[in-house]
Amino acid sequence: MSAAYRAPVATDPAGLSDEGGMDRLSSEGIREGLRTTFVGHELVYLEEVESTNAVARRLGQEGAAEGTLVVADYQSAGRGRLGRRWQAPPGSSLLLSLLFRPSLAPAQMQRLTMACGLAVADAIEARTGLRVGLKWPNDVVIGGRKAGGILTELELQGGAVAFAVVGIGLNVNLDPGTLADLPEDTRPPATSLSQALGQPVPRLTLLLTLLEAVEVRYLALRQGRSPHREWAERLTTLGRRVVVSGAGRRLEGVAVGVEADGALQLRLDDGRLEAVWAGDVSLRPMG
Ligand code: BTN
């Protein structure tokens, strides 16, 4: 059975305007609208912060509960994967981090990221009707362009996971042109929900739906249900010729599958099957 969260799809385009103040983020607005049992119940909202992941990590070290949420309107030093920056003008995006204490071994932690990636897709589809794909390992893509990303950071103690911080950045009402000062090689073609939809998307409504979807997906994970199959079905990368780069190496081949714990299976041109755990994927024409 699918664990997907199903909120009613917003069919009324007028409902996507901010007439009800549902774009503005605030602690009160989030608390009032929250319909979860634990995700977001411990909440830190900040107008501006360096990185929500850094705040969530500190809270985790201080013993904060599972589901603790840190949200910001603006990050001055937002962190992306592979040591990159994550940029978003104030008021344009959802920038949040969630704290989890899952009973998973470090090597299984991509399952948590898979579950959260699926929750992001569930929430966007429920609120906008846009079709959402995932690009290995953690990109959220719409129409072949990157609309968001996930950065999971682990705190290990004695070889076990003490807690994980899942950071989610979503381009909601952002003009991708404003990201143009990022170096070309670190800038996959970007989009935003408003660009893909042709109208603004209220961030508070989307955030509340996302928190519910995360809770549904996380509870399923905690009950031992793997998100792997649904995650693999959403991957835009599979069956394509790709180049994977990162960690000082570059591999080219056909992405034939993903392992249960998230490694990308690459069929190299010499026929060997290589499992890749981290890196960036770019698509190459077949041939
Ligand atoms: C990626 O590189 O695709 C992952 C980007 C993750 C960005 C989010 S924004 C909220 C959270 N805080 C951070 O500093 N980064 C993550």
Side-chain angles (χ1 to χ4, degrees), residues 25 30 39-40 43-60 64 68-100 109-110 112-114 116-117 119-121 123-124 132-142 144-155 163-174 176 178-179 182-193 203 206-207 210-211 214 231 234-237 244-247 262 264 278-282:
L25 300 179
I30 297 168
V39 169
L43 162 68
V44 176
Y45 170 73
L46 300 156
E47 290 282 325
E48 180 174 342
V49 68
E50 287 192 1
S51 157
T52 56
N53 265 31
V55 175
R57 183 167 211 140
R58 205 193 59 234
L59 293 173
T68 294
L69 166 68
V70 181
V71 196
D73 198 55
Y74 176 68
Q75 294 183 126
S76 55
R79 308 207 285 243
R81 287 178 54 246
L82 306 171
R84 294 174 182 149
R85 279 189 300 153
W86 185 263
Q87 284 196 326
S92 68
S93 297
L94 282 183
L95 307 166
L96 63 124
S97 301
L98 286 160
L99 180 78
F100 295 103
M109 287 304 292
Q110 175 67 13
L112 175 63
T113 314
M114 291 179 198
C116 291
V120 169
I124 296 173
V132 180
L134 299 171
K135 179 166 163 278
W136 186 92
N138 301 324
D139 287 355
V140 177
V141 292
I142 295 175
R145 291 177 168 259
K146 180 161 174 168
I150 300 181
L151 175 67
T152 300
E153 296 180 304
L154 305 183
E155 180 92 354
F163 63 84
V165 171
V166 179
I168 301 173
L170 258 186
N171 304 341
V172 183
N173 299 315
L174 175 147
T178 58
L179 303 177
L182 279 179
E184 189 72 39
D185 63 334
T186 67
R187 185 157 41 92
T191 189
S192 63
L193 305 192
R203 289 178 304 157
L206 180 63
L207 173 63
L210 173 60
L211 297 175
V214 166
W231 180 70
R234 281 217 185 246
L235 286 179
T236 56
T237 327
V244 188
S245 48
L264 185 69
D280 263 341
V281 160
S282 47

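Remember, it's 1-based here, ligands and their atoms both numbered in the order they're listed. Predicted model, so just to flag it, every value in this text is computed and none were measured.
Inter-residue side-chain proximity for Val70 and Leu96 is flagged as unmet; no heavy-atom pair is nearer than 4.5 Å. The side-chain heavy atoms of Thr152 and Ile150, taken from C-beta on, include a pair separated by under 4.5 Å. Looking at Val141 and Leu134, their side chains never come closer than 4.5 Å, going by heavy atoms from C-beta outward.
Close contacts between ligand 1 and Thr52 involve ligand atoms 10 (C), 11 (C), 12 (N) [criterion: under 4.0 Å to a heavy atom]. For ligand 1, the atoms sitting less than 4.0 Å from at least one non-hydrogen atom of Gly78 are 14 (O), numbered in the order shown with element in parentheses. Listed by atom number, the atoms of ligand 1 under 4.0 Å from Ile150 heavy atoms are 4 (C). Taking every heavy atom of Leu96 and a limit of under 4.0 angstrom, the matching atoms of ligand 1 come to 10 (C), 11 (C).
At a 4.0 Å heavy-atom cut-off, ligand 1 touches Gln75 through the side chain alone. Under 4.0 Å from ligand 1, not a single heavy atom of Asn138 appears. The residue Leu82 has no part lying near ligand 1, judged by heavy-atom distances below 4.0 Å. For Ala88, no heavy-atom contact with ligand 1 is shorter than 4.0 Å.
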Next item on the list: Check the pair Glu50 / Gln75 against side chain to side chain contact (heavy atoms under 4.5 Å, CB included), numbers first and verdict last.
Entry: CA-CA 5 Å; Glu50 287 192 1; Gln75 294 183 126; over 6 Å; no

Next item on the list: Decide yes or no on side chain to side chain contact (heavy atoms under 4.5 Å, CB included) for Leu94 and Ile168, but give the supporting numbers first.
Entry: CA-CA 7 Å; Leu94 282 183; Ile168 301 173; over 6 Å; no

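The N/O atoms of Lys146, backbone and side chain alike, include one that comes under 3.5 Å of an N/O atom in ligand 1.
Scanning all heavy atoms of the two residues, the minimum distance from Trp136 to Gly262 falls at NE1-O, 2.8 Å. Smallest separation of non-hydrogen atoms from Arg79 and Ser51: CG-OG, 3.9 Å.
Of the protein's heavy atoms, Arg79 O, 2.7 Å lies nearest to atom 15 (N) of ligand 1. With respect to atom 5 (C) of ligand 1, the closest heavy atom belonging to the protein is Trp86 CE3, 3.3 Å. Among all protein heavy atoms, the one lying closest to atom 2 (O) of ligand 1 is Arg81 N, 2.7 Å.
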